[in-house]
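All ligand and atom numbering here is 1-based and tracks the order in the structure.
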Amino acid sequence: MATSASPSPTSPLSSLFFFCFCCFFFSSSFVSGAYVAYNTSASISAAKLNVHLVPHSHDDVGWLKTVDQYYVGSNNSIQGACVQNVLDSVIEALVADKNRKFIYVEQAFFQRWWRQQSDGTKEVVRGLIQSGQLEFINGGMCMHDEAAVHYVDMIDQTTLGHRFIKQEFDQTPRIGWQIDPFGHSAAQAYLLSAEVGFDALYFSRIDYQDRAKRINEKRLEVIWRSSKTLGSSADVFTGIFPKNYEPPPGGFYFEVNDNSPVIQDDALLFDYNVQERVNDFVAAALSQANITRTNHIMFTMGTDFKYQYANSWFRQLDKFIHYVNKDGRVNALYSTPSIYTDAKHAANESWPLKTDDFFPYADHANAYWTGYFTSRPALKGYVRVLSGYYLAARQLEFLTSRNNSGPTTDSLADALAVAQHHDAVTGTEKQHVANDYSKRLSIGYTEAEKLVGSSLSCLTESVLNSQCSNSVTKFEQCPLLNLSYCPPSESNISNGKSLVVLVYNSLGWKREDVIRIPVVDESVVVHDHEGNEIESQTLVISNASLKLRNSYVQAYMGKSPNTMPKFWLAFSVSVPPFGFTTYLVSTKKEAGSDVVKSTGYSSQEDQDSSVVEVGKGNLKLQFDTDEGSQFHYFNSRKLVNTSIKQSYIYYSGHDGSGSDPQASGAYIFRPDGTVPITPPREVPLTVLRGPILDEVHQQINPWINQVTRVYKKKEHIEVEFIVGPVPVDDEIGKEVAVQITTTMMTNKTFYTDSNGRDFLKRVRDYRSDWELQVNQPVAGNYYPINLGIYIQANSTELSVLVDRPVGGSSVLDGQVELMLHRRLLYDDGRGVAESLDEEVCVNDQCAGLVIQGKFYLRIDPLGEGAKWRRSTGQEIYSPLLLAFSEKDAGVNWANSHRPTFSMADPSYSLPDNVALITLQALEDGSTLLRLAHLYEVGEDKDLSVMARVDLEKLFSGRKISKITETNLSANQERVEMEKKRLKWQVEGSTRSAGPVRGGAVDVSELVVELGPMEIRTFIIYFDYMFLA
Ligand SMILES: [Zn+2]
């Protein structure tokens, strides 16, 4: 405090002196021409209406400007915003008056600022945090989105911020503050709030019809019980702001250039207005009190990037508190959401109950914020791919011991954290900002890729080299494998050399799967690590894929690929849990090997047959060559036999003409008509058949291609689509969706996941909380999908799983719809001020962005779909990680390398209902472990039960010396969190019976129990480590 770095203009002692001196002379008078010592010391008054003034700044971690531009205050022609100014000036303003308070939210900004501060300033800030003047709220790296984010990413980005706050300041944030995200998810409430240990969650954006009813009934503050499984044990007190997260109506904005009337209290100057402004304040308070329970209301005093010159706000807030309290009708005080929450709790009130979630969000009749569920599908896909990669990379970092001097996964962690922001993965940022997120992700990936390469090299050589200090094996990876671009597999199989394919499985189960790599020559043969030749199959790479490959490899790498592979080589692999197996691909020498060239068929060439059947296992599809979008689905094991039509449509994006100027854009989905994408009378089918899988290739129109795959050993359909460039030369924006149509009688009902976790029941044109006025029959029935969507009828259920966040619905009974791509020509008026018109340029030739992705479809007997959705969902989230090396002729790889490996005991795998969602070596030498039960209560007859994980077998060869269970974000012990967390009363309801949760972990047994939907987090210390 006393250092030269202290921003305080006066020492604490002298301000105390002035304060007392001035009270004596002026405090009894309203009117003064001289110095006024404002009395800002008010605390809660039991007898009055308490107006909690919460000074805050909402600092987007990228939106119109990049995160760094916002931080340093550059690019101000776009938006005058500088977070450095906010933090610098707030600290000064807080030091100037110990009664002032401020909350700070986004750790990505705070960390940038913190590392630049002097020791003196840091000391001052620590003091402010200690005294509660400065409080961290929410505390993640960003204020994450809640629709297009996966729960594992939400946990990771929150943990990153929370652990920093804990380590640096010994603080644990108490309050969820999701004030801006565009709708609110069930997982946010029970998982990212209750299980984190938050005492309350605050936000502002809910449907305008819902808000009107809640205001009317004083139901803006509720107990949100969003988990059917965890029930009241995961309740969270939830406060919805009456209008938005800004100051109340009536002129209370005080940034330097804001035009609200300031309090002019100098009687010697003109325009003295103290009483008017006090009246305005009291009126705003009474109006909010009218719609709020208890005698506590909150004024959120700030908005986007405010407090850049904090004193201009605090000067006015000081005066309001001083004069309003002299007036005496209401009690105004400096407060924080924590103080407000404690006051609400102390009121001993019963609160209305809220279940399920707050999607979709509409701010007026034609403005459903359901477009962003799909906006920027390539960025969404990139985030999802790297999320799964980050999970696997951290396992490998743990397995070979973290090296703090690098490479590490830290840079990927930061990039992924920032990408969860509610203007990042949502696709609602400007194009240059979207590019910035991708660049950060790419830099993070590149470092993690090095770590993965060296870890695998270490693990494969550790038979000979236990220290891993001089590994010589080089592993390459192929991040553009989805584009059939993989230099090692295209070039390494020649001159007697073999390609070594290492397959790493980050799931806790032994995995049988099919992998595919591009090869130039189809005369290849695959051997497993024991030298057995294994079955494989080559498939001609389609022209659509090759076209995409050529332009996008050039766009990403800046150069054209040298080689041109002609085939996919597909083969079956079997990989142990948390481990790897290696395969060798070499040139075929002798005849009679097992590589099978797929046989082809084209409906154009063969006009005779009207039915084409694919599938060599239990699942078979029969395509009608006259009507290629129609096929018959037949599963002989499950006895499912039905017809499906799979087709594409587009919605014309509304241009905002007409009586309501609302256009369809990055945020908002406002269709202006539906156009079926009707292929020519028959969609020509090209069929590739082989022993491992069959493929049906279809060109739907000049800019939509798809491949339907049926694997011999899988009982679902995999559809890979290529959509784009979406043509807009007709000056109509297009929102492209796929529809899967059956005759199932689904009674308006469908189910969508919440952030990849729970499934929520959705009923078309219906909301459980109010009588829905239907203005947008399509957009208003769209929901975010991260894992999947399913529908049920009398005897069957149809499930569709996705590879990235998308919007989806069931607009007609028996139908499932996913929006895959959006290209729009108008801005939708929510601030981004750009149309969502993504292009990719190669050699100065620009064209609309092409999206390639997958969805997975399966039909089960009613009640049997959950197991597939959950286990296949895990496989989609955590695909097998492939790494490539080469082997010279005559060298026996297995003599110098470990060909297969598992972290777990050879006899052990995780139970079918458990996933390991975090295994991370922390900087201090401890290990973070998270285990998640994958099933809800009642979801599956066999798997919705208590699960047990044996840690000794999971960590074979390592001895656990200490294990501590923590809250979800790993910043406090679980038992402490449970003790501290406030319990709330619910109107007309008793607390439900406790859910099934696992008991404490006995150190001698080391078995972790998990009840349905439970996620348990542990900090573990290992005694010693060796690679078994
Ligand atoms: Zn925001």
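Using a 4.0 Å cut-off between a side-chain N of Lys or Arg and a carboxylate O of Asp or Glu, Glu429 and Arg376 qualify as a salt bridge.
Any protein N/O/S atom under 2.8 Å from the Zn ion (ligand 1) was counted, giving 4 altogether.
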Next item on the list: Let me see the working for Gln171 and Lys166 under side-chain contact (heavy atoms from CB on, under 4.5 Å), right down to the final yes or no.
Entry: CA-CA 5 Å; Gln171 298 285 311; Lys166 178 67 183 174; over 6 Å; no
Check: Where do Phe237 and Ile223 land on the side-chain contact (heavy atoms from CB on, under 4.5 Å) test, with the steps shown first?
Finding: CA-CA 5 Å; Phe237 177 81; Ile223 303 301; 3.9 Å; yes
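Residues Asp145 and His421 have side chains not in contact (no heavy-atom distance under 4.5 Å, counting atoms from C-beta outward).
Remark: aromatic rings of Phe314 and Phe254 are distant, center separation not under 6.0 Å.
The nearest pair of heavy atoms linking Ser754 to Ala186 is OG-N, 3.4 Å.
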